[in-house]
Trainee: 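I have a structure I would like to understand better, so I am pasting it below and will then ask my questions one at a time.
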Amino acid sequence: MALRGVRVLELAGLAPSPLCGMILADFGAQVVRVDRCPRSAMNADVQGRGKRSLALDLKQGPGAAALRRLCRRADVLVEPFRHGVMEKLGLGPKVLLKENPKLIYARLTGFGQSGKYAKSAGHDINYLALSGVLSKLGRKDENPYAPVNLLADFAGGGVMCAMGIIMALYERTKSGKGQVVDASMVEGAAYLSSFLWKSQNLGLWNRLRGENLLDSGAPFYETYKTLDGKFMAVGAIEPQFYEQLVKGLGLDSDKLPNQLSFSDWPEMKKMFAAIFSKKTQAEWCRIFDGIDACVTPVLSLDEVALHEHNKERSSFIKNDQEEISPRPSPLLSRTPATPSPRRDPFIGEHTEEILLEFGFTKEEIAKLHSEKVIEFNKPKANL
Ligand SMILES: C[C@H](CCC[C@H](C)C(=O)SCCNC(=O)CCNC(=O)[C@H](O)C(C)(C)COP(=O)(O)OP(=O)(O)OC[C@H]1O[C@@H](n2cnc3c(N)ncnc32)[C@H](O)[C@@H]1OP(=O)(O)O)[C@H]1CC[C@H]2[C@@H]3[C@H](O)C[C@@H]4C[C@H](O)CC[C@]4(C)[C@H]3C[C@H](O)[C@]12C
């Protein structure tokens with residue numbers, strides 16, 4: 001796999017950094033998640049696939065010293081805390097990069113390592129708001145809304161951070177040096193929205209929120225409810241696809257306003273909605289499947305894995321707990337990701353084996369355990 005042999009230490013975080021760690025693990029990296037101990041805190045990491053867990057108290061001196069020792073033999077460290085927390089623990093980049101100049105020190109935060117908000121708490125919606133992107137999301141006359149925590153936490157955070165790490169690893173093959181990856185979710189979300197900025201003068205976004213081509217203003221870029229309470233997604237932007245849409249709806253484009261007549265869009269949407277409401281989702285699929293009208297069913301998470309297209313590509317996988325989840329993407333032809341089929345790790349499940357791998361002796365491990373710096377959590381064998 002593409003990242004085989006890369007050793008990653010992921011300090012346990014909320015959502016963005018776990019995705020970053022999971023991406024690296026899916027593509028072959030050995031990812032150790034460093035969990036807090038005592039491990040009474042609920043484990044919120046539902047993206048633990050392919051990782052192992054070490055429970056280590058960084059607030060105790062021997063705990064921080066143990067992490068420094070691990071970092072000396074690691075390629076990547078991912079830390080998900082507010083600016084300054086690692087420095088307070090004596091684990092800042094200056095310390096760790098001095099001891100291991102090849103280390104890629106990734107810092108995944110909301111606001112970045114500098115600036116007025118660097119030490120402020122926040123979540124996806126706050127970062128999306130500060131990036132400017134949230135102002136563009138939402139229907140006409142409604143408040144802006146954040147699409148779950150996908151855009152800042154995951155797209156602008158976890159994925160961008162993973163990209164930064166992989167770029168730094170590639171650069172290190174030439175320079176032999178590590179560096180700090182300052183991944184701010186505000187900037188990540190803003191960066192992935194570059195299109196919004198560059199298309200300002202194309203007349204795509206200069207109307208109010210919810211009145212533009214791609215933000216639910218246009219009748220040919222919208223979702224519509226079907227007779228059975230499901231939905232169809234319509235994305236017929238180009239004239240040739242729009243023509244197929246109109247035909248599929250049983251309309252005659254010669255009798256309709258011009259596709260790009262903004263002022264007619266609201267009435268057109270009402271007309272399309274009335275037509276879509278007359279047939280079930282399955283009936284609309286039979287009409288539109290196989291023709292280029294850019295019309296697709298809105299599938300639920302229960303349906304996606306069974307859809308014929310997704311089944312043909314095995315786009316969704318099942319682990320040994322029968323849990324379904326998306327296959328890693330993109331699909332590399334020669335060195336594809338091989339996501340672990342095993343369940344996510346329990347907090348501290350692999351503490352001893354990881355420390356042994358990183359050169360700790362059994363006596364050192366016993367001492368750390370007796371001082372409650374580390375915790376073991378061996379699952380009971382299924383008898
Ligand atoms: C997981 C579900 C989805 C959440 C997604 C949400 C929408 C997000 O946007 S997540 C992105 C958050 N932002 C960032 O990650 C940016 C960078 N990080 C931060 O800004 C901050 O970390 C923070 C604001 C997120 C949190 O601040 P906090 O003050 O808590 O922490 P820091 O300042 O960073 O400092 C860390 C401190 O921890 C110490 N530490 C760290 N590791 C160790 C260690 N190994 N040993 C010892 N100590 C350690 C470190 O030293 C720092 O200490 P100090 O502060 O003293 O310096 C969640 C959605 C709903 C959640 C559930 C819900 O809330 C109900 C339950 C609530 C319960 O409390 C927990 C379980 C819940 C079920 C909860 C579970 C999940 O969180 C959710 C499902």
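Remember, it's 1-based here, ligands and their atoms both numbered in the order they're listed.
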Trainee: When you check the side-chain N and O atoms of Ser131 and Glu187, is any donor under 3.5 Å from an acceptor?
Mentor: no
Trainee: Using heavy atoms and a 4.0 Å limit, tell me yes or no: is Asn126 in contact with ligand 1?
Mentor: no
Trainee: Number the atoms of ligand 1 from 1 as they appear, then name those within less than 4.0 Å of a heavy atom of Gly122, with their elements.
Mentor: 12 (C), 13 (N), 24 (C)
Trainee: For Phe346, does the six-membered ring have the charged nitrogen or CZ of Arg343 within the cation-pi criterion, i.e. under 6.0 angstrom from the centroid and within 45° of the normal?
Mentor: yes
Trainee: Judged by non-hydrogen atoms, does Gly13 sit under 4.0 Å from ligand 1?
Mentor: no
Trainee: Mark up the atoms of ligand 1 that fall under 4.0 Å of a heavy atom belonging to Asp57, in ascending order.
Mentor: 46 (N), 47 (C)
Trainee: Backbone, side chain, both or neither: what part of Ser17 comes under 4.0 angstrom of ligand 1, heavy atoms only?
Mentor: neither
Trainee: Output the list of atoms in ligand 1 that are nearer than 4.0 Å to some heavy atom of Ala121, sorted by atom number.
Mentor: 24 (C)
Trainee: Please verify whether a non-hydrogen atom of Leu89 lies at under 4.0 Å from ligand 1.
Mentor: yes
Trainee: Judging by distance only, is a nitrogen or oxygen of Thr109 under 3.5 angstrom from one on ligand 1?
Mentor: no
Trainee: Answer yes if Val32 and Leu368 sit in the same cluster of Ile, Leu, Val, Met, Phe, Trp and Tyr residues linked by side chain heavy atoms under 4.5 Å apart, and no otherwise.
Mentor: yes
Trainee: Compare every heavy atom of Arg172 with every heavy atom of Lys102, then report the nearest pair and how far apart it is.
Mentor: O-NH1, 2.7 Å
Trainee: Has ligand 1 got any nitrogen or oxygen that is less than 3.5 angstrom from a nitrogen or oxygen of Cys37?
Mentor: no
Trainee: Please state which part of Leu14 comes within less than 4.0 Å of ligand 1, counting heavy atoms only: side chain, backbone, both or neither.
Mentor: both
Trainee: Taking all non-hydrogen atoms of both residues into account, name the closest pair between Gly178 and Ile104 and its distance.
Mentor: CA-CD1, 4.0 Å
Trainee: Any N/O of Leu58 closer than 3.5 Å to an N/O of ligand 1?
Mentor: yes
Trainee: Give the atom numbers and elements of ligand 1 that come within less than 4.0 Å of a heavy atom of Leu56.
Mentor: 44 (C), 45 (N), 46 (N)
Trainee: Do Cys20 and Ile165 have side-chain heavy atoms sitting under 4.5 Å apart?
Mentor: yes
Trainee: So which bit of Asp124 gets within less than 4.0 Å of ligand 1, heavy atoms only: side chain, backbone, both or neither?
Mentor: both
Trainee: Using a strict cut-off of 4.0 Å, indicate which atoms of ligand 1 neighbour a heavy atom of Asp35.
Mentor: 45 (N)
Trainee: Taking the six-membered ring for Trp, is the centroid-to-centroid distance between Phe220 and Trp265 below 6.0 Å?
Mentor: yes
Trainee: Looking at Met185, which atoms of ligand 1 are within less than 4.0 Å of one of its heavy atoms?
Mentor: 14 (C), 15 (O), 16 (C)
Trainee: Please report the closest heavy-atom contact between Arg36 and Ile347, naming both atoms and the distance.
Mentor: O-CG2, 4.1 Å
Trainee: Pull out every atom of ligand 1 sitting under 4.0 Å from any heavy atom of Lys88, numbered as shown with elements.
Mentor: 54 (P), 57 (O)
Trainee: Could you tell me whether the side chain of Leu58 reaches within less than 4.5 Å of the side chain of Leu11, counting heavy atoms only?
Mentor: yes
Trainee: Answer with yes or no after comparing the ring centroid distance for Tyr127 and Phe111 against a 6.0 Å cut-off, counting only values under it.
Mentor: yes
Trainee: Under 4.0 Å from any heavy atom of Tyr127, which atoms of ligand 1 are there?
Mentor: 12 (C), 13 (N), 14 (C), 16 (C)
Trainee: Looking only at distances, please establish whether an N/O atom of ligand 1 is found under 3.5 Å from an N/O atom of His123.
Mentor: no
Trainee: State, yes or no, whether a side-chain contact exists between Trp284 and Arg286 at a heavy-atom distance under 4.5 Å.
Mentor: no
Trainee: Are any of the N or O atoms of Ser120 closer than 3.5 Å to those of ligand 1?
Mentor: no
Trainee: Which pairs pass ring pair (Phe, Tyr, Trp, His ring centres under 6.0 Å) with one or both residues in residues 354-374, sequence neighbours excluded?
Mentor: His369-Phe376
